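The sequence lines fix the lettering, A, B, ..., with proteins before strands; numbering per chain opens at 1. The structure presented is a predicted model; accordingly, all values stated were derived computationally and were not measured. Reckoned from all heavy atoms, side chains included, excluding hydrogens, waters and symmetry mates.
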Amino acid sequence: MPEIRLEHITKRWNKFYAVDDLDLVIEDNAFVTLLGPSGCGKTTTLRMIAGLETPTSGRITIGDKVVFDSALGINVPANKRKVGFLFQNYALWPNMTVYQNIAFGLSNIKEPRKLSKQEIDETVHRVAQVVKITAFMDRYPAELSGGQQQRVAIARTLAPEPSVLFMDEPLSNLDAKLRLEMRYELQRLHVETGSTFVYVTHDQMEAMTLATQICLINNGVLQQYDAPLTVYNKPNNLFAADFVGNPSINFIEGEGKQRPDGGVELTLLGDKRAVFKPVQPLDLPAWFKGRDAREALAADAHKKKAAEKGFVEKGNKDETFRYHIDKVEEDDVSPQEEPALTNEDLVLGVRPEFIDIVEDGALEGEIYGAMPTGMESTIKVRIGNFLLTGVVFGSTLFTIGSKVHIDVSGDSVLLFDRRSGRCIAQGSLEF
Amino acid sequence: MDQSNTLQASRCTILFNKLKTYFSKPHNVILLLMGIVLTFSTVAPIVAIVEDTFKIHPGTIDAHLTGQASGYTTVNYIDLFTSKLAKANLWTPLLNTVWLAVGTCIVAILFGGVFAFLVTRTNLAWRKYLSSIFIFPYIMPQWTLAVVWQNMFNSNTVTGGSNGLLAAMFGIEMPLWWCKGLFPSLVVLGLHYAPFAYILIGGIFRNMDANLEEAATILDTPRWKTMLKITLPMVKPAILSTILLVFGSSMGSYPVPHYLGLTTLSTKYVSMNSKFTGEASILAIIMMVFGVAIMLLNQISLTSRKSYTTVSGKAGQSSKFNLGKVGKYVIALILVIVTFFTSIFPIVSFAFETFLPNPGDYSFLYTGDPSNLTTKWWITDENVSENGMYGQKGILHNETIWRAFRGTMLVSVSCALLAGTIGTLIGYAVAKNRRSKWANYVNSMAFLPYLMPSIAVGVAFFILFSNQYVNLFNTYALLIIAGTVKYIPFASRSSLNSMLQLSGEIEEAAIIQDVPWIKRMTRIIIPIQKSSIISGYLLPFMTCLRELSLFLLLCTQGFILSTTLDYFDEMGLYAFSSGINLILIVTILVCNTLVNKVTGASLDKGIGG
């Protein structure tokens, strides 16, 4: 069974880098989602692995076979890569019935031998049953609803039993209810077929719920490749922390230094003071040193690369993620000069579920907004000019404008470096 | 395979791998092959004709002027541009040609455009009938209308020869400028090409989002201002492409100016070809220069056209101008009468001509006596010299005509199959490789012959394939080659347009499942784009069936129907030429209807696109 390996894969159109030096190993039987905002290069990555797009440079290996290598000039065409592909707009053949759509691919199988008519018929009916479309076998795609078409597309892709299955935002065209239903079906299919699934989506919820591994991409660059809960709890950087999780994580800017006992003293939310206590022992100056060394190394590598022949400067420059601080009165959004950042400029990331409303909470605030859904309420609490989002379970009703006390609980508060955007440590926050 | 292996790989292996990758994609193979073939088939004739202008031809003017029997000289250029005959041989025909082309464009756009507006944007009565009848003049041979014009307006006193219908029936004698020369030529060609304008402009009118005009109405813009500032600019690209298509075609037209007595570059070429061979080739080059210039214009307009394409997206309900209860019938009636003369009358007239005892003898019309009609032109089955038959058998028994008919069918079917297939493949390959420069080159090479005047293309092939090394003159092979090259643009254009509409994922879904290329084409792509691909075959077929300009120089007179027709016409056997016209028109109409019924494809979908 195959493992897919991408090494230094780059795809660019002139100065635009769709995918920039991507290294990725997709293990056998994994369910990997390529996640990122639209236009970040995830579909391009998927199409390159499938052979529908040619990378500018790099190497792709499926199993023990090199299917693409720019240096060697190898490029195994898509039809020889033995993969399944589910297209975003289904790409059903409009001139064929549902049955013919599914059977067409089967009739082309020659290895190990040609399938008999009866075998094809059995396979078609088997996959049709899996996705529950047996009732529409004689209809044309135009006569089916979006959800039905999508299931036909899945059946067509599954029929030849590919050991690797690629899916390009297959659920994006469905309504919310059907989408949820199909998510369960895909999960079940993954277990039943034992195939490797690679799934592109911009919906972080879909990625969280389905995947065994999330591959988070932004601007063509890999941000994090980890299990969903790891990405959620220990994001590599500000972008990852912000992109995953709904409602979004709260970012709180703070300024301060590390104390001898390891805690970091911070001034935040205007004039409040707090101490961040890391879970693991942390040496902040050493961390910054390591960061600078890494940056210098990267700059060196970039210089070396730029000196090579045929190098093209990346037009879509990489920048540190600009996180959003929720405020009552928004800052001027017009582009401003970057303030000079020192090593004392830090950012805290607090997930909404760690904001607790308690009688004796350290911070005093006011309910600014509340969205009860029945099971839980998403609330916005105003502290000075700042807004914090929290989630409270149960059917509590909040009155807008009422005074509350809040606290930040748990030891999963994240500390980020403001300059590089990287995550420094996990810990708890004490006011 | 690890890193060390990579380093060991020799240059050879890398090259081999790269080639293997390149050729594993069928569209690359098609592009490469077609690129080579088309470069030869398009460039070689041009080179041949340029060479011909410098060559000394024994027994012609250049041999006389240089006193040599072979070799190269520039005397042809000097003589053509500077001699006493320069005005008659070059400048007058050139000027006439340009006037003709410009006039034809104007007539075609005005007539076709107004018609398109009436049919698509007003509540005109009988739109469906008018729409289908309006295409007829394009389906029929271009000279049909020229001949009808003659049959209508000629008179013994003004033009000499036999009286036309108007003179014979009512004694009306139209002035000479009306009967011969520039005016009738440009009207006739304009009517012939008006369907182009109708289809192209009508397409935009039809797809135009009514919101654009409604937005103006909401802002209280007067109707005429909306029309002038919003609607017309919208159809500008369509008008431009009509000009591009019509200008070149009308410039190279031979039969219309020939019948109507206008001296243009193409008629001059034919008359100069035997004695002034080299100089005639210069005329052909001048025509080609116009063709290339038009293609460059086309490319410029194509880039600027992009800004308009956003307009014709999703079609809303387009609002229709109200012509009034009476108006919609009055205008429709006028159009019915006009299209009767351009579309139905020619057929009736040709049929009628073949029953006249002598050309121009319309006595039946005012006597009503059936004995003033004859069927001798059809059924005479022996060699008789009396009755004005000049030893020809009647049309039904005439070996020459039916041999020519079979020849025409052979050439047309072969051209249609070849041009249709090649054009479809080119359209497919270009659509698959949109960004590649080579694909653009192949596309332009395939399109260039369309913009070169037919007669010039014919000349080029004549020179290339009819010399001391290869002599294909008067063979079907030569006609088929020339026709294929000339008609590939029809197929490649309609195929490219339809392929661009087809989402790439449709084919990718099949590639992923390892469906072989042939099967992808025959089972998925062709069935989906059936109708435009069929018109890619249909257009070459119909155009070829009635082609004269292109084939005129490539074969003898009895070889195919159109040249046979020309021959009988010069013989003065108008009943025969009318009969052949009738056969051609009926054949085309039958084929068109058959294909339409069998496949559901129709002409309006294919032209120009």
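- With sequence neighbours excluded, the residues forming a salt bridge (charged side-chain N to carboxylate O under 4.0 Å, His left out) with B:Lys432 are B:Glu507, listed by chain and number.
- For CD of A:Glu27, the number of neighbouring non-hydrogen atoms (other residues, nucleotides, ligands) closer than 6.0 Å is 12 at most.
- The candidate with the highest count of non-hydrogen atom pairs below 4.5 Å against chain B, out of A:Phe85, A:Phe104, A:Phe166, is A:Phe104.
- Every residue meeting the side-chain contact (heavy atoms from CB on, under 4.5 Å) condition with A:Gln88, not counting sequence neighbours, appears here in chain and number order: A:Asp168, A:Glu169, A:Ser172.
- Put simply, the side chain of A:Arg12 never gets that close to the backbone of A:Thr56: no donor and acceptor are under 3.5 Å apart.
- Per-residue heavy-atom pair counts under 4.5 Å with chain A were compared for B:Ile524, B:Ile506, B:Leu15, and the maximum is reached by B:Ile524.
- Counting only N and O atoms by type, the side chains of B:Tyr441 and B:Thr39 include a donor and acceptor under 3.5 Å apart.
- The neighbour count for A:Lys11 NZ, taken as heavy atoms of other residues, nucleotides or ligands under 6.0 Å away, is above 12.
- In terms of heavy-atom pairs under 4.5 angstrom with chain A, the leader among B:Glu508, B:Gln513, B:Lys18 is B:Glu508.
- Shown here is B:Lys20, whose NZ atom has no more than 12 heavy atoms of other residues, nucleotides or ligands within 6.0 Å.
- Checked by atom type, the side-chain pair B:Thr421/B:Tyr537 shows a donor-acceptor distance below 3.5 Å.
- For A:Arg126 and A:Glu161, the salt-bridge test passes: some basic side-chain N is under 4.0 Å from an acidic carboxylate O.
- Remark: A:Ile102 CD1 to A:His125 NE2 distance equals 9.0 Å, nearest 0.5 Å.
- At a threshold of 4.0 Å, the pair A:Lys117-A:Glu119 does not count as salt-bridged, since none of the basic side-chain nitrogens sits closer than that to a carboxylate oxygen.
- B:Lys25 touches chain A through its side chain: at least one heavy atom from C-beta onward sits under 4.5 Å away, while N, CA, C and O do not.
- Heavy-atom proximity under 4.5 angstrom to chain B picks out A:Asn89, A:Ala91, A:Leu92, A:Trp93, A:Pro94, A:Asn95, A:Met96 from residues 89-96 of chain A.
- Listed by sequence position, A:Arg47, A:Ala50, A:Leu52, A:Thr54 are the residues of residues 46-54 of chain A in contact with chain B, using a 4.5 angstrom heavy-atom cutoff.
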